[in-house]
Amino acid sequence: VPTLAPTSLPSSVPTLAPTLLPSPIPTLIPTPLPTSIPTLTPTLLPTSIPSPVPTVTCLSGTYFDSSLCVDCEIGRYSEFTTAPYPSECTLCPNGQYNTATGNSECINCAIGKVSLGDRSSCRDCDAGEYSYNDTDCVECEYGKYAPQALTGSCLDCSAGLYTNNATKATLCTKCDSGTYSNGSTT
C-alpha cells in the first residue's frame, strides 16, 4: 500500500504503484541528469567532471568492445584514432589482404592475384579463368580459353578452332572434318 510520506527505513518489498513523494534513498534506475557518483566503466568521450576512471583511447588497428580496445583480426583493419571508435573492424576490400592482427590498412595483392574471401592472403586464378581488375576470378566464356590464369580477359580461339566447354575452357579444339569455325564462338 503506498504511503503519503516516506518511511524512515527502506522496505524489502517493492510497492506496486509509485509513491506520491520521492524516496529518501537513491534508486538504481538511471537518470538523465549527471550524478555525483562516478561510473565504473570507461567513457568514450571526455566528461566535463573529473572521473576516477580514465577515458579510453583506442589506436588505429583496433575497435572498441564496450569497455576496452581490441586488435582487428587478420584480414580486417581500422584506421580510426578518435572517438567514436568502431565496434568492429572493416573487412579488407577485394584485391587486398593483411596477415597480422591490429592492422590499420590492407596490402594490395600482386598483379594477377585476387584476395581470399577472408582477406587473409591472395591466390592465383585457375586455368580457364582470368583476373578481373585484380579483384575477382572470372571464368572464360564460350569461345574463349585460358591455358593458365590470365589477367584482364581470356584468349579467343583462332579460325579453325573452337572450345568444347560452355565456360572455363583451358584450350581450343581443332574443328572436325567438314566443319569450320571462324574462331571465337562458332
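- Contact of the Y77 side chain with the C92 side chain is registered, since non-hydrogen atoms from C-beta on lie closer than 4.5 Å.
- To the nearest 0.5 Å, the span separating CG on N165 from OH on Y142 amounts to 9.5 Å.
- Counting heavy atoms from C-beta on, the side chains of E129 and V138 never come closer than 4.5 Å.
- Between the side chain of S78 and the main chain of T62, a donor-acceptor pair closer than 3.5 Å is present.
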Legend entry - Check against side chain to side chain contact (heavy atoms under 4.5 Å, CB included), S153 and K144: CA-CA 9 Å; S153 67; K144 297 183 180 260; over 6 Å; no
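- The shortest non-hydrogen separation linking K174 to L161 is CA-CD2, 3.4 Å.
- Atoms CG and SG, on L91 and C106 in that order, are 7.5 Å from each other to the nearest 0.5 Å.
- Note: the hydrophobic cluster containing Y145 also contains Y130 (ILVMFWY, side chain heavy atoms under 4.5 Å, direct or indirect links).
- Between the S131 side chain and the T151 main chain, no donor and acceptor come within less than 3.5 Å of each other.
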Inset, instruction - Let me see the working for T57 and Y85 under side chain to side chain contact (heavy atoms under 4.5 Å, CB included), right down to the final yes or no. - result: CA-CA 9 Å; T57 302; Y85 301 108; 3.8 Å; yes
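- The two residues T170 and G128 have their closest heavy-atom pair at CG2-N, 3.8 Å.
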Inset, instruction - Please test N103 against C72 for side chain to side chain contact (heavy atoms under 4.5 Å, CB included), starting from the C-alpha separation and ending with a verdict. - result: CA-CA 6 Å; N103 276 314; C72 293; 5.8 Å; no
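- Across all non-hydrogen atoms, the minimal contact from D71 to Y63 is O-CE2, 3.9 Å.
- Atom CD in Q96 sits 8.0 Å away from atom SG in C109 (nearest 0.5 Å).
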Inset, instruction - Decide yes or no on side chain to side chain contact (heavy atoms under 4.5 Å, CB included) for Y162 and C175, but give the supporting numbers first. - result: CA-CA 7 Å; Y162 71 102; C175 293; 4.0 Å; yes
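- Here the straight-line distance linking atom CD of Q148 with atom CG of D126 works out to 12.0 Å at 0.5 Å rounding.
- Atom-to-atom distance recorded for R76:CZ and T101:OG1 is 13.5 Å, nearest 0.5 angstrom.
- Minimum heavy-atom separation, T163 to L171: CG2-O, 4.1 Å.
- Residues A127 and P147 approach most closely at CB-O, 3.5 Å, considering heavy atoms.
- Taken from CZ in F64 to SG in C69, the straight-line distance is 6.5 Å, to the nearest 0.5 Å.
- Across all non-hydrogen atoms, the minimal contact from C154 to A146 is SG-CB, 4.3 Å.
- N98 places a side-chain N or O within 3.5 Å of a backbone atom of G75 that can act as its donor or acceptor partner.
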